[in-house]
Amino acid sequence: MKYALGPVLWYWPQETLQAFYQAAAESQADIIYLGETVCSKRRATKSADWLAMARELAAGGKQVVLSTLALLQSSSELNELKKYVDNGEFLIEANDMGTVNMAARAGLPFVAGHALNCYNAVTLRLLLKLGMIRWCMPVELSRDWLANLLTQCEELGIRHKFEVEVLSYGHLPLAYSARCFTARAENRGKDDCQTCCIKWPQGRAVRSQEEQQVFVLNGIQTMSGYCYNLGNDLISMQGLVDIVRLSPEGKETLTMLEAYRANETGKHPLPLAAGQNCNGYWWQVAGLELVN
C-alpha cells in the first residue's frame with residue numbers, strides 16, 4: 001500500500017503550513033495533497049503559495065495533488081478553481097461535481113475526493129469516463145460496503161481501472177453548510193467572520209449534555225468528535241485499498257504515518273483509547289465506537 005497526507009482541513013497560518021510541509025517532504029508519505037478544501041475566505045495561503053509548495057515537494061520525489069473546495073458558492077470561487085484545474089503541472093482532487101465537469105472538459109485526469117459522495121459502481125463507471133484515475137471512499141462507508149462495491153466493479157469490468165483510497169486517520173469531515181458554525185459561535189455573520197477559525201487550529205469541540213465530545217466545528221465543516229484511526233485495521237484493507245490517507249492534525253501526524261507503516265502486518269499495534277479514537281464506520285457500527 002501507498003500512504004498519503006490529505007489536505008490540511010484546518011485554517012493554519014502560512015508559516016505553520018510551510019513548516020508542516022517542509023517536515024512532510026522528509027516523511028514517509030508517497031503522496032501529498034495540498035490546497036484549501038473548506039472555505040475560500042481562508043486566504044492566508046494563496047494559490048501561488050500552494051503551487052510553490054507543490055513544486056518543492058514534487059522536486060523531492062513526492063506525488064503532489066492539488067485539492068479543491070467541496071462547496072462552491074460564488075463566481076470568484078469558480079475563477080480561483082479554474083487556476084488550479086489549468087495549473088498544467090499537478091493532478092487535481094475534485095471534491096465537487098463542478099470541478100469534475102471542468103476537468104472533464106479540459107480532458108484532464110482527476111482524483112475523485114470523498115466529498116463527492118460516490119456510493120456505487122455505476123457512478124464510478126461514469127466518473128471513469130470523465131477522467132477519474134483514483135477514488136477516495138466517502139468517510140462513512142464500511143469495509144463491507146467497499147468489498148461489495150468492488151465486486152460490482154469486477155462485474156462491470158472496471159475494478160483495476162482506478163486506485164482506491166481510504167481516509168484512515170483524522171477527524172472525519174461529515175457535513176458542509178453554507179453557514180459558518182465557527183463564526184456563529186462568536187456571534188459573527190459569515191460575511192464578517194474575520195476568519196476567526198484561525199484561532200482554532202484543531203477546531204471547536206461540541207459536547208453533549210453528558211460531556212461526550214460528539215463533533216468538532218471547523219468553519220462550515222462539521223467533523224467527528226473523536227479522531228478516526230484505522231492504524232490497527234490495515235490488514236483488513238489488504239486486497240481492497242491501494243492508498244491509505246492520513247488527514248493532518250499537526251506534525252504528530254507524520255509520526256503516526258510511520259506507526260502505520262510499521263504496523264501494516266499487525267506486528268506493532270497502535271495504543272488507541274476509547275473516547276479519543278474511533279473506527280466504527282469501517283466496521284459498520286456507530287461511528288464513535290472503537291472496535292478492537
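Note that this is a predicted model, so its numbers are computed, not measured.
With a 4.5 Å cut-off on side-chain heavy atoms, Leu127 and Phe162 do not count as touching. Looking at heavy atoms from C-beta onward, Glu80 lies out of side-chain contact with Ser40 at the 4.5 angstrom threshold. Contact check for Leu72 versus Thr99: side-chain heavy atoms found under the 4.5 Å cut-off. A 4.5 Å side-chain heavy-atom check between Asn101 and Arg105 finds at least one atom pair inside the cut-off. At least one side-chain heavy atom of Leu124 sits under 4.5 Å from a side-chain heavy atom of Leu149. Put simply, the side chain of Asn117 does not reach to within 4.5 Å of the side chain of Thr123, judged on heavy atoms. Side chains of Met223 and Leu9 form a contact here, defined as non-hydrogen atoms less than 4.5 Å apart.
Gly35 and Pro7 make their closest contact through O-CB, 3.8 Å (heavy atoms, listed as atom of the first residue, atom of the second, distance). Among all heavy-atom pairs drawn from Glu93 and Thr68, the shortest one is O-OG1, 2.9 Å. Taking every heavy atom of both residues into account, Arg179 and Ile220 meet most closely at O-CG2, 3.4 Å. The shortest heavy-atom contact between Ala259 and Leu270 is O-CD1, 3.9 Å.
For Glu186, the salt bridge (Lys or Arg N to Asp or Glu O under 4.0 Å) partners two or more places apart in sequence, or in a different chain, are Arg188, Lys199. Scored by the salt bridge (Lys or Arg N to Asp or Glu O under 4.0 Å) test, Glu89 finds Arg55 as partners (sequence neighbours excluded). Listed by chain and number, the residues in a side chain to side chain contact (heavy atoms under 4.5 Å, CB included) with Gln22 amount to none (sequence neighbours excluded). By the side chain to side chain contact (heavy atoms under 4.5 Å, CB included) test, Ala58 is found to be paired with Val64, Phe90, residues two or more places apart in sequence or in another chain being considered. In this view, Leu126 and Leu130 satisfy the side chain to side chain contact (heavy atoms under 4.5 Å, CB included) rule, not counting sequence neighbours. A search for side chain to side chain contact (heavy atoms under 4.5 Å, CB included) contacts involving Asp144 returns Ser142, Gln284, not counting sequence neighbours. With sequence neighbours excluded, no residue satisfies salt bridge (Lys or Arg N to Asp or Glu O under 4.0 Å) with Glu77.
The hydrophobic cluster containing Ile235, built from Ile/Leu/Val/Met/Phe/Trp/Tyr side-chain heavy atoms closer than 4.5 Å, comprises no other residue. With a 4.5 Å cut-off between side-chain heavy atoms of Ile, Leu, Val, Met, Phe, Trp and Tyr, the cluster of Ile198 takes in Tyr11.
The pair Glu264-Arg261 fails the salt-bridge criterion, with no side-chain N (NZ, NE, NH1 or NH2) lying under 4.0 Å from an Asp/Glu carboxylate O.
Evaluation of the side chain to side chain donor-acceptor pair (under 3.5 Å) test over residues 214-229, restricted to residues two or more places apart or in two chains, returns Arg42-Asn218, Tyr176-Gln221, Gln212-Tyr226, Asn218-Gln221, Asn229-Tyr260. Applying the ring pair (Phe, Tyr, Trp, His ring centres under 6.0 Å) test to pairs two or more places apart or on separate chains, those with a residue in residues 16-45 are Trp12-Phe20. For residues 166-175, the side chain to side chain donor-acceptor pair (under 3.5 Å) pairs, not counting sequence neighbours, are His171-Glu249.
For the residue pair Asn263/Asn232, the side-chain donor-acceptor check at 3.5 Å is satisfied. For Tyr3 and Glu258, the side-chain atoms include no donor-acceptor pair closer than 3.5 Å.
Between the side chain of Asn95 and the backbone N or O of Leu69 there is no donor-acceptor pair closer than 3.5 Å. At distances below 3.5 Å, not a single donor-acceptor pair connects side-chain atoms of Trp135 with backbone N or O atoms of Leu128. With Glu36 contributing its side chain and Cys39 its backbone, the two residues share a donor-acceptor pair below 3.5 Å.
Summarising the local packing, CH2 of Trp145 is surrounded by 12 or fewer heavy atoms from other residues, nucleotides or ligands at distances under 6.0 Å.
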Before giving the answer on side chain to side chain contact (heavy atoms under 4.5 Å, CB included), spell out for Ile133 and Leu91 the whole-Å C-alpha distance, their side-chain angles and the decisive distance to 0.1 Å.
CA-CA 10 Å; Ile133 62 171; Leu91 187 65; 3.8 Å; yes
Between Leu240 and Val164, does the side chain to side chain contact (heavy atoms under 4.5 Å, CB included) criterion hold? Intermediate values first, please.
CA-CA 7 Å; Leu240 300 174; Val164 175; over 6 Å; no
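Under a hydrophobic clustering in which Ile, Leu, Val, Met, Phe, Trp and Tyr are joined whenever their side-chain heavy atoms come within less than 4.5 Å, directly or via other members, Leu246 and Leu34 fall into the same cluster.
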